[in-house]
Amino acid sequence: MPLSLRLSIADTLTLGNATCGFMAVYFTTTGILIPHLTGSQESGMARHSAATAVILMLCAAVFDLFDGLVARKLRSSPMGAELDNLSDLISFGLAPAYFVLVYGMVADDAHQRVAAVGAIVVLLAVVLRLARFSCVTVKDGTFQGMPSPFGALTVVSIVLLELPFVATLMAIIGTAWLMVSRVEYPKPRGRLAVAMLSWIVLSMGLLAAWAFDAPSGQLLLQTGCALQLVMGAVIPLFATARRVNNFRDNRREARAAQLP
């Protein structure tokens with residue numbers, strides 16, 4: 001095959017990311033939306049399907065984390081960057097936006113059309129973020145705006161918290177704004193990558209406990225979702241504080257260099 005059409009190991013992981021995103025949409029449809037439309041009252045099935053859909057998005061985030069690491073260690077094909085953006089659009093754009101849309105259709109206090117607007121905002125935020133990521137060069141070690149995997153997991157965490165509809169919608173729109181903002185987020189490398197992977201595994205455990213109706217499973221899930229929201233707000237504050245400290249240090253060094 002021509003070199004431009006050969007898939008590398010990193011590309012295979014990227015395709016796993018896209019597959020997980022598509023299957024998340026599938027479980028959201030078959031386990032939550034269709035039972036609701038047909039009048040089924042099996043809340044356990046909906047809970048299992050919701051947990052499965054979110055776990056698949058978490059798996060997509062794992063694939064997205066490792067395909068970058070593998071690409072840096074080995075190599076990626078000429079299609080690597082394009083495949084990564086397309087897969088991220090499915091897993092972290094379409095899947096969470098569809099999750100919000102279905103939430104607006106099945107929740108008791110939700111408004112379907114307003115929720116559809118929120119879903120469109122999430123989808124467009126990811127589209128704009130991925131397009132900007134391909135065109136704009138930022139300093140090494142940081143992302144400009146909330147990374148789309150982190151944003152997707154924050155959006156579904158907001159939905160799973162079961163807050164009042166207005167609060168849920170405002171938090172979702174706020175997350176979408178963070179994804180297209182210029183707020184800096186550190187790239188998951190080294191210890192941060194290990195911490196992120198550990199957090200994903202823990203989140204999977206919390207979702208499984210909630211899905212199988214374990215004792216205090218609902219409380220554990222809500223605690224995990226609340227922590228996801230807190231991290232989304234706190235992480236950029238640390239990055240901003242580090243940037244301010246670096247700026248002050250550079251000014252001190254410049255002043256010291258000017259002294260006789």
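Bear in mind that the values here come from a model prediction, so they are computed numbers and not experimental data. Note that these values count all heavy atoms, side chains included, but never hydrogens, waters or copies made by symmetry.
A 4.5 Å side-chain heavy-atom check between Val121 and Ile172 finds every atom pair outside the cut-off. Side-chain contact between Thr14 and Phe63: absent, with no pair of heavy atoms (C-beta onward) separated by less than 4.5 Å. Within the 4.5 Å cutoff, side-chain heavy atoms of Leu229 are placed close to those of Leu161. Side-chain contact check for Thr168 versus Tyr103: some heavy-atom pair is nearer than 4.5 Å. Within the 4.5 Å cutoff, no side-chain heavy atoms of Leu56 are placed close to those of Tyr26. Between Met196 and Arg191 there is no side-chain heavy-atom pair separated by less than 4.5 Å. Between Phe22 and Leu94, every side-chain heavy-atom pair lies at or beyond the 4.5 Å cut-off. Side chains of Gln222 and Trp210 form no contact here, defined as non-hydrogen atoms less than 4.5 Å apart.
By the rule that hydrophobic residues join a cluster once side-chain heavy atoms approach within less than 4.5 Å of another member, Leu123 and Leu86 end up as members of separate clusters. Residue Val156 is grouped with residue Leu65 when hydrophobic side chains (ILVMFWY) are merged at heavy-atom distances under 4.5 angstrom, including chains of intermediate members. The hydrophobic cluster containing Val100 does not contain Met170, counting ILVMFWY residues as joined when their side-chain heavy atoms lie under 4.5 angstrom apart, directly or transitively. Cluster annotation: Leu124 and Ile173 are assigned to distinct hydrophobic clusters (Ile/Leu/Val/Met/Phe/Trp/Tyr, side-chain heavy-atom contacts under 4.5 Å, transitive). Transitive grouping of hydrophobic side chains (ILVMFWY, heavy atoms separated by less than 4.5 Å) brings Leu37 and Val106 into a common cluster.
From Ile90, atom CD1 reaches atom CE of Met57 across 13.0 Å, with rounding to the nearest 0.5 Å. A distance of 8.0 Å separates OG in Ser181 from CD in Gln144, rounded to the nearest 0.5 Å. The SG atom of Cys20 sits 10.0 Å away from atom CG of Leu58, with the distance rounded to the nearest 0.5 Å. In this structure, the separation between CE on Met105 and NE2 on His111 is 15.0 Å, given to the nearest 0.5 Å. A distance of 5.0 Å separates CZ of Phe66 from CG of Leu197, quoted to the nearest 0.5 Å. We find the CE-CE distance between Met146 and Met231 to be 10.0 Å, quoted to the nearest 0.5 Å.
Across every non-hydrogen atom of Leu130 and Ser148, the tightest pair is CD2-OG, 4.1 Å. Of all heavy-atom pairs spanning Ala53 and Phe99, the tightest one is CB-CE1, 4.5 Å. Here the closest non-hydrogen pair linking Cys225 and Leu160 is SG-CB, 3.8 Å. Among all heavy-atom pairs drawn from Gly31 and Pro35, the shortest one is O-CG, 3.5 Å.
Side-chain atoms of Asp109 come within 3.5 Å of backbone atoms of Phe165 as a donor-acceptor pair (strictly under, hydrogens ignored).
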Can you give the donor-acceptor pairs under 3.5 Å from side chains of residues 198-209 to other protein atoms, not counting sequence neighbours?
unit_1	atom_1	unit_2	atom_2	d
Ser198	OG	Val194	O	2.9
Trp199	NE1	Gln228	OE1	2.8
Ser203	OG	Trp199	O	2.9

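Sequence neighbours left out, the pairs with a member in residues 81-91 that pass side-chain hydrogen bond (donor to acceptor under 3.5 Å, both in side chains) are Asn17-Asp88, Asn17-Ser91, Asn85-Ser134.
Aromatic pair Phe212/His48: centroids less than 6.0 angstrom apart.
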Fill in: Worked verdict on Asp64 versus Phe92 for side-chain contact (heavy atoms from CB on, under 4.5 Å)
CA-CA 10 Å; Asp64 185 62; Phe92 312 125; 4.1 Å; yes
Discussion item. Between Asp213 and Arg47, is the side-chain contact (heavy atoms from CB on, under 4.5 Å) condition met? List the steps.
Written reply: CA-CA 9 Å; Asp213 203 17; Arg47 186 167 61 246; 3.8 Å; yes
Worksheet item: How far apart are the C-alpha atoms of Leu33 and Thr28, what are their side-chain angles, what is the distance that settles it, and do they pass the side-chain contact (heavy atoms from CB on, under 4.5 Å) test?
Response: CA-CA 7 Å; Leu33 180 60; Thr28 304; 5.9 Å; no
